[in-house]
Structures are given as structure tokens and as C-alpha cells.
A.B. asks: 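After the C-alpha cells below, expect a handful of questions from me.
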Number of protein chains: 2
Amino acid sequence: MPVVSNHHNKKLTIHDIAELAGVSAGTVSRVLNNQPGVSVKTREHIQAIIQQQGYRASFFARSLLARQSFAIGLALSSTASELFAGPIVPELVGSIGDALASEGYTLTLITGSHEQRNQRLLREAAEGKIDGVLLPDIRIGDDIIDKLLEQEIPTVIIGHRDERKEVAWVDCEHDCSAAYLTRMLIKQGHRRIALVNGPEEFYACHLRLEGYRSALQEEGLDYNMDLVSVGPFKADYGYQTTQKLLALPRVEQPTAIVAGSDIIAAGCLGAVKAANMQVPADLAITGFDDNILSTFTHPPLTTVKMPLEQMGKVAVNMLISLIKGEKLEPTSLILPCSIIVRTSSGS
Amino acid sequence: MPVVSNHHNKKLTIHDIAELAGVSAGTVSRVLNNQPGVSVKTREHIQAIIQQQGYRASFFARSLLARQSFAIGLALSSTASELFAGPIVPELVGSIGDALASEGYTLTLITGSHEQRNQRLLREAAEGKIDGVLLPDIRIGDDIIDKLLEQEIPTVIIGHRDERKEVAWVDCEHDCSAAYLTRMLIKQGHRRIALVNGPEEFYACHLRLEGYRSALQEEGLDYNMDLVSVGPFKADYGYQTTQKLLALPRVEQPTAIVAGSDIIAAGCLGAVKAANMQVPADLAITGFDDNILSTFTHPPLTTVKMPLEQMGKVAVNMLISLIKGEKLEPTSLILPCSIIVRTSSGS
DNA sequence: CTGAAAGCGCTTACAG
DNA sequence: CTGAAAGCGCTTACAG
């Protein structure tokens, strides 16, 4: 017969409470879970003891029975901090954290290189450590989605789109926003507008290109490949690309630039200044992201603010529905961005 | 006799594997944990089946026995995203996530208002969901530290200091950095240097004030309270404070400003520009944080880069030692910052 | 080298 | 209304 003696240990168990209250563990459990079938007197007595002892039921023991972790994984490849330089990740994570907490879920951050991150994600899901996955950092061709789908792990993608009906995602109007900016510039009289776009591996950049093209077409302007470039979300790239554009023969030079991000736009700004030209008089520039720096550049950047907070909330709601086994309808959502007009775009 | 039939269910258990392999669960467990006492042949047979079935031991069942979660909580009050506007949180979280992952630990993000965050932290610890806590967001007088101490939950503070020997923390040289900047300005000939400091509730800001004062004293300059102010990490505050400073009688006006952050410094910059004065010719300015925006202001900001990545790593190592019950020696660490000299500070 | 059994800390039918 | 017992999916002495 094993000697049970928990009296001097720190971690209390339900049996310790039961013993202190002079009842069975089952009764304590019912009180713990606010279940009926316990007399008011017993309930209050047990509650007092729980309170006094500061007892909390072991999460793991509960999860073992519930077969749920009430945790969701947020995957971020370490290059994400670079990618999302600026307020994007903090804002998104904050919103997701709040939404999750209010539903009683916990946020597990899964970071690492692309490979590591995918491996960890799959493992944590297989071990039952996470009930679902949020993917705010997907690039075109990433096979993690297929693997997650295959294992039937509830997943919601943020800021990326997928053709398949069974893939849930929430994104914002990259295309409309880029089209809006382009159209705005055209209406101001610009005829040669360059697009200094972000990396090809982001769907968002494709959409921005699409928006740019559709605005040109709408307004009867030709699409000129020489005015479109693709590169990283870095100031250097913006700087160098702008230098190249300014080296074109006068008649081919753009009079406006739609940049793929505020950081890129800040680089463009620097190149214009270095060429002793003025923004927006000689070259109008727009950014993307509403990065904190966009208010501090000279001139301040006209830019696009994505509805990050809302995207986070919506993604969480979708994911929790999925986890609960509810049918998602619709399986995807596109939210509007805000255009923030400052002086860099001229008037 | 209960009918055990897991054949058509998704989640495999160790018993399913045992049955498939024609062995007992104990033997499968030994293989799973790379324990000796299993013949090579049996081991390989079982491994093949585990592989083929894609079986993973339930994390919760294991944790229940191990009495460890292998997760640590990172507490962030939602105002943190505001506070750490810029690269601080992402960089710190990235570094912490990587360090943790390489030790086999998982990162749980605990967000919410100050109250909520503290409550959640204590609860998750009491439930055994987290083995330790990382606090990168502590203000002076926060009682969460005492509560964590009381519950004997392993804790490491980042970017804040505590007098008590039993509290573990890692911070950087806020004082030395502020002193360095102040001294540098004095050596350039400045005699009236203002300190536009951050909020009082941050220990870091106290330290920066101390550094500023000690540099003045060292160089034989008087400390003038009228040149020192305290306020939020916001551009507006920098702007307005600078306006006030510029409204002082000519002989009392500062010729240099040490700002509490890059955002504040950017505001100062704006006010100087609005007064039709030049930086650094009329007023030299320094920032703090090496925020991305510091390269894009005009002129670019001289600033201080904190060793965030290293701080994150060190904090993780300390915490894991604490969790393992090792004696921490020393219990605190102060790492050096880098001074990044750009043009805003003059020469 | 292998298996049967007890136990981790809970919850939940099932009796009474 | 309450308790005894079985079970969640593992691990770990203890036998053999």
C-alpha cells in the first residue's frame, strides 16, 4: 500500500483539497467546474478551502481528458521581424493575443528559420500542444499549408490568399489600395508612374501590381515594364531603383513612384534628395504600411494603413470556429485598408 | 470489460502502437525515450511502426508525469506595443524565441492590460502551464514581481533592475550611454544641454537621468532642473518640450538635447525645423533605441543601440538555470550598449 | 530483454 | 447530494 503524504509538498492536488474538506475528489471536481449536484453548504465549504489554499487544478491533467490544449500556435519565421520591420508584427500579435485571451485561449509563439518553424509547428500540433495555427507570414509556394491541411489541423492564414475553398484566410485590399494610389496620381496629372514593388514571393505584392495595372488600364495608360521593379522591403533597394529611374532619358523618367512599403519609399526619398530634386514637386512618392517612420520623413509619406487589428480579431474568430468544428462560411475575408494622404504624393 | 477499439480513430495512442508491434506499451515507451533495455530488433521494429504511423506521444500525458510544461511565459502589457514602438519587441521576442527553442522550450505570450496580464501570468503559473516567466515590460512599483517571488515561480526581468538579491534580471547600460552622449556634447563645446527624458515609471529613464547628471558633474557643469523634463515616448512631447526650451531667453536656451528615445528626438527635430533653425548647427540632438526611423530623419539621429538580442539570450539562459533549480551566480547582469553617431549630434 | 501494474491529477458515468 | 471506480495517455519501478 503506497504511502500518500502530500502534506508537506507545495503543489496541492484535488485529493488534498478533498481531504481538507472531508469530501471526495469527485465532489471537489464538481465545485471546480461549477457543476450542479452539490449542496450549497458543501459547495461553499469547498470553495472556501480552495480559496484559502490557493488551489488551481492542474492544466495538464485537465487537458489530458479534454483532449484540447486551448493554445494556438502563431508561426513567425525569424526573417519576419525583418519583413515586418515596423509596427506590423506587434500590432497583429497584440490584437491576436487579446482576442485569444478573451476566448480563453493561449498564444504559443513558434519561431525559427523557415524549416525549423514548419517542423516545430507540425510537431506541436501532432503532440496536441496546440489546437490550431495562425499563419501571418506565408510566401507563395510555402508547402506548410498543404501539410497542415493533410494533418487536418485547423489553420487560418493572415495576409495571404489561397485559391482552395478549404483553406481559411483573411487579407486586406492590397490591390484596391494600390489602384487607388495609382489613380490618384494619374488624376493629378502624372503619366509615367513607377512601381517599386516588394518581393515576388508575397501574394500582397502581386495584388499591388495588379491594382497598379488595373488603374493604368482604367485610365487608358500603357503598362510599361521598365517602370516596374521587384525587390526586398529595404531602403537601399528603394534608393538604388530610384537612382536608376532618374538616370532614364528625361522623356522616360517617371514623375511619380508607388513604393511597396514605407521603408522602400524612404529610400526613394533619399535618392530624390541626393539628386537635388524635390518631393513631391519633381517626383511624387507613396508608401505602404503606415510605418512609424512615415510621419517623420521629409516630406511625410502618403501611405496605406492595413486593418491589422481587425485582421487579427477576424482570424482568431475564424480559427476558433474551425477548432470547434463549426462550418466556416465564408472561408475567407478581405478587409479594406485606409489611404493616408500626406504631402509626399503632391496634390 | 470495456471494448477498446481505436482502429478507426485518428489520434493514435501508445497502446495502438504497442498492439501493432505486438509488444507492451512499456516497451514502446522505452523506445520513444531512447532508453536502454530493448533489443535492437524490437527497437527497430517499433521505430518503423512509429514512423509509418506518424505517431507522437501526447504532450499532456507526458507533462502530467514530468510535472513540467517546458513552456515559459513572456508577459507583455498591451501598452507595450506603444512603449516599444519600433524594433524593440520584435527583436527581443525573436531572440528569446530562438534561444528557448534551442533549449526545447516553448514561448507562451501573455498579453492584456496590466491587470489582466498579471492575473493571467499568476494563473498560468499556478496551473502549471508555464515553468517560468520573462518580464520585459516592468515599471517601477509593479507588484507582480513580489507575487511571482511569493509563489516561487522562476522569473527573470529584462530591462529593469531590482535591488533584491533574490531577483534575477538583465539590463543594459542606460546610465553610461546617457553619460557618454552628454560628455560627447560637452566636449563639443555645449554648456547648456537639455534632457528630454522618457516616463518616470521606467527605471531606464532614472538611469539615463543619472548618467546625464554624472557627466555634467564630471565636467564641472551645473545641473539645471529647468532643462530636464519627463514625458511619454511620443513625438508630440518632444515637439512641445523643444518649443518651450526655444522660448527661453537666449542665454538660457540649450544648445543641445539628449532625448529619451528616437521618437521623442524626432519630435524635437520637428520643432527645431518649425522654428527655422538647423540641427545640429543651432541645436544638437541625440536619440535612444536605434529605431528604424533614426536613419530617415533629417539629419539622421545619433542614438544608442541596446544589446537586445544578447539580453534576450542571457535572460533565457538565466531562466532555464532557475527552472532547473540551479543557483544563479550572479543574479543580475548589465550589458553594454553601442553608441551610434550620426549627424544630428554635430561634431 | 520484456510485461503487468501502479500512478501522474484530474473528470465522469454509475450507484446509492 | 455524494462517493467509489474507471479512465485519459503516458512512464517507471518491480518482477521474471
Side-chain angles (χ1 to χ4, degrees), chain A residues 1-7 9-47 49-50 53-70 126-129, chain B residues 1-6 9-47 49-50 53-70 126-129 131:
Chain A
M1 191 187 292
V3 180
V4 178
S5 115
N6 265 337
H7 296 287
N9 294 346
K10 254 193 337 221
K11 273 285 181 195
L12 291 166
T13 73
I14 200 169
H15 292 108
D16 298 319
I17 301 298
E19 193 175 323
L20 285 169
V23 297
S24 73
T27 303
V28 176
S29 176
R30 279 173 210 118
V31 171
L32 237 31
N33 296 290
N34 283 316
Q35 279 172 10
V38 183
S39 74
V40 176
K41 199 179 156 203
T42 311
R43 186 180 297 270
E44 281 173 354
H45 178 218
I46 294 173
Q47 270 165 345
I49 290 175
I50 288 173
Q53 300 289 330
Y55 167 74
R56 287 270 180 195
S58 152
F59 176 75
F60 293 130
R62 288 185 137 176
S63 295
L64 187 55
L65 299 205
R67 236 152 301 199
Q68 267 212 60
S69 67
F70 290 102
E127 287 176 342
K129 262 173 116 165
Chain B
M1 190 187 291
V3 181
V4 179
S5 114
N6 263 338
N9 294 347
K10 255 194 332 222
K11 274 284 180 197
L12 291 167
T13 73
I14 200 169
H15 292 107
D16 298 319
I17 301 297
E19 194 175 325
L20 286 169
V23 298
S24 73
T27 302
V28 176
S29 176
R30 279 172 211 119
V31 171
L32 237 31
N33 296 289
N34 282 316
Q35 279 172 10
V38 183
S39 74
V40 176
K41 198 178 157 207
T42 311
R43 188 180 295 273
E44 281 173 355
H45 178 216
I46 294 174
Q47 270 165 345
I49 289 175
I50 288 173
Q53 298 290 328
Y55 167 75
R56 286 269 181 194
S58 153
F59 176 76
F60 293 129
R62 290 183 134 176
S63 295
L64 187 54
L65 300 204
R67 236 153 300 198
Q68 267 212 57
S69 69
F70 290 101
E127 287 176 343
K129 262 173 115 163
D131 295 337

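Protein chains get the first letters and strands the later ones, always in sequence-line order, with residue 1 at the start of each.
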A.B. asks: Report the distance from atom OG of A:Ser63 to atom CD of B:Glu127, rounding to the nearest 0.5 Å.
C.D. replies: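 So the gap between those two atoms works out to 8.5 Å.
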A.B. asks: Expressed in angstrom and rounded to an integer, what is the separation of A:His15 atom NE2 from C:dA6 atom C1'?
C.D. replies: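 After rounding, the reported distance stands at 14 Å.
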A.B. asks: About how many Å separate CD1 of B:Ile49 and CG of B:Asp16, when rounded to the nearest 0.5 Å?
C.D. replies: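 One finds 11.5 Å between CG of B:Asp16 and CD1 of B:Ile49.
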A.B. asks: Are B:Val38 and B:His45 side-chain neighbours, meaning at least one heavy-atom pair lies under 4.5 Å?
C.D. replies: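 Result no, sub-4.5 Å side-chain heavy-atom pair not found.
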A.B. asks: Checking B:Ser58 now: which residues fulfil side chain to side chain donor-acceptor pair (under 3.5 Å) with it, not counting sequence neighbours?
C.D. replies: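 Checked B:Ser58 against side chain to side chain donor-acceptor pair (under 3.5 Å); zero matches.
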A.B. asks: Measuring from atom CG of A:Leu12 to atom CD of A:Glu19, what distance do you get when rounded to the nearest 0.5 angstrom?
C.D. replies: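 The CG atom of A:Leu12 sits 11.0 Å away from the CD atom of A:Glu19.
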A.B. asks: For A:Gln68 and D:dC8, what is the distance between atoms CD and C1' respectively, to the nearest whole Å?
C.D. replies: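 For the pair A:Gln68 CD and D:dC8 C1', the rounded distance is 14 Å.
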A.B. asks: In whole angstrom, give the distance that lies between atom NZ of A:Lys129 and atom P of D:dC10.
C.D. replies: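 My rounded result for the distance is 15 Å.
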A.B. asks: Does A:Thr42 have a side-chain nitrogen or oxygen under 4.0 Å from the phosphate oxygens OP1 or OP2 of D:dT2?
C.D. replies: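 Yes, such a contact exists.
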A.B. asks: Can you tell which of C:dC10, C:dT2, C:dG7 lies closest to the side chain of A:Ile14?
C.D. replies: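 Minimum distance to the A:Ile14 side chain belongs to C:dC10.
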A.B. asks: Looking at B:Ser24, does any N or O in its side chain come under 4.0 Å of the phosphate oxygens OP1/OP2 on C:dG3?
C.D. replies: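 Yes, such a contact exists.
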A.B. asks: Parallel under 30°, tilted from 30 to 60°, perpendicular over 60°: which one fits the rings of B:Phe60 and A:Phe59?
C.D. replies: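 Ring orientation of B:Phe60 relative to A:Phe59: perpendicular.
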A.B. asks: Rounded to whole Å, please give me the gap between CZ in B:Phe60 and P in D:dG7.
C.D. replies: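 Checked: the CZ to P distance equals 23 Å.
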A.B. asks: Rounded to whole Å, please give me the gap between CD in B:Glu19 and P in D:dG9.
C.D. replies: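 Rounded to the whole Å, the gap is 14 Å.
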A.B. asks: Round to a whole Å and report the spacing from CZ of A:Phe59 to C1' of C:dT11.
C.D. replies: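 Computing the A:Phe59:CZ to C:dT11:C1' distance gives 15 Å.
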A.B. asks: Closer than 4.0 Å, any side-chain N/O of A:Arg67 to the OP1 or OP2 of D:dC8?
C.D. replies: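 No, outside the criterion.
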A.B. asks: Reckon B:Tyr55 has a side-chain N or O less than 4.0 Å from the OP1 or OP2 of D:dC10?
C.D. replies: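 Yes, within the criterion.
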A.B. asks: To check you understand the geometry: which heavy-atom pair defines the closest contact between A:Leu32 and A:Ala57, and what is its length?
C.D. replies: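 Reported closest heavy-atom pair: CD2-CB, 4.1 Å.
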A.B. asks: When the nearest nucleotide of DNA chain C is assigned to B:Ala61 and to B:Arg43 on a heavy-atom basis, which residue is associated with the more 5' position?
C.D. replies: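 The answer here is B:Arg43.
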A.B. asks: DNA chain D: B:Leu64 or B:Gly26, which has the more 5' nearest nucleotide?
C.D. replies: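 First, find each residue's nearest nucleotide; the 5'-ward one identifies B:Leu64.
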A.B. asks: How far apart are the closest heavy atoms of B:Ile46 and B:Ala21, and which atoms are they?
C.D. replies: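 Taking every non-hydrogen atom into account, CG1-CB, 4.0 Å.
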A.B. asks: Could you tell me if the side chain of B:Tyr55 sits less than 4.5 Å from the side chain of B:Ile14, heavy atoms only?
C.D. replies: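 Sidechains of B:Tyr55 and B:Ile14: in contact.
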A.B. asks: With nearest nucleotide decided by heavy atoms, which residue, B:Leu65 or B:Ala25, maps closer to the 5′ end of DNA chain C?
C.D. replies: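 So the residue in question is B:Ala25.
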A.B. asks: For DNA chain D, which residues in residues 27-40 of chain B have a heavy atom at a distance below 4.0 Å?
C.D. replies: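 Within this stretch, B:Ser29, B:Arg30, B:Asn33, B:Gln35 sit under 4.0 Å of the strand.
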A.B. asks: Any chance you could encode DNA chain D as dot-bracket? Rule is Watson-Crick or G-U wobble with both distances under 3.5 Å; [ ] for pairs crossing earlier ones, | for another strand.
C.D. replies: |||.||||||||.|||
A.B. asks: In whole angstroms, how far is the C1' atom of C:dC8 from the CG atom of A:Leu12?
C.D. replies: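 That distance rounds to 16 Å.
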A.B. asks: CD of A:Gln68 to CZ of A:Arg62: how many Å apart, nearest 0.5 Å?
C.D. replies: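 Atom-to-atom, A:Gln68:CD and A:Arg62:CZ are 13.0 Å apart.
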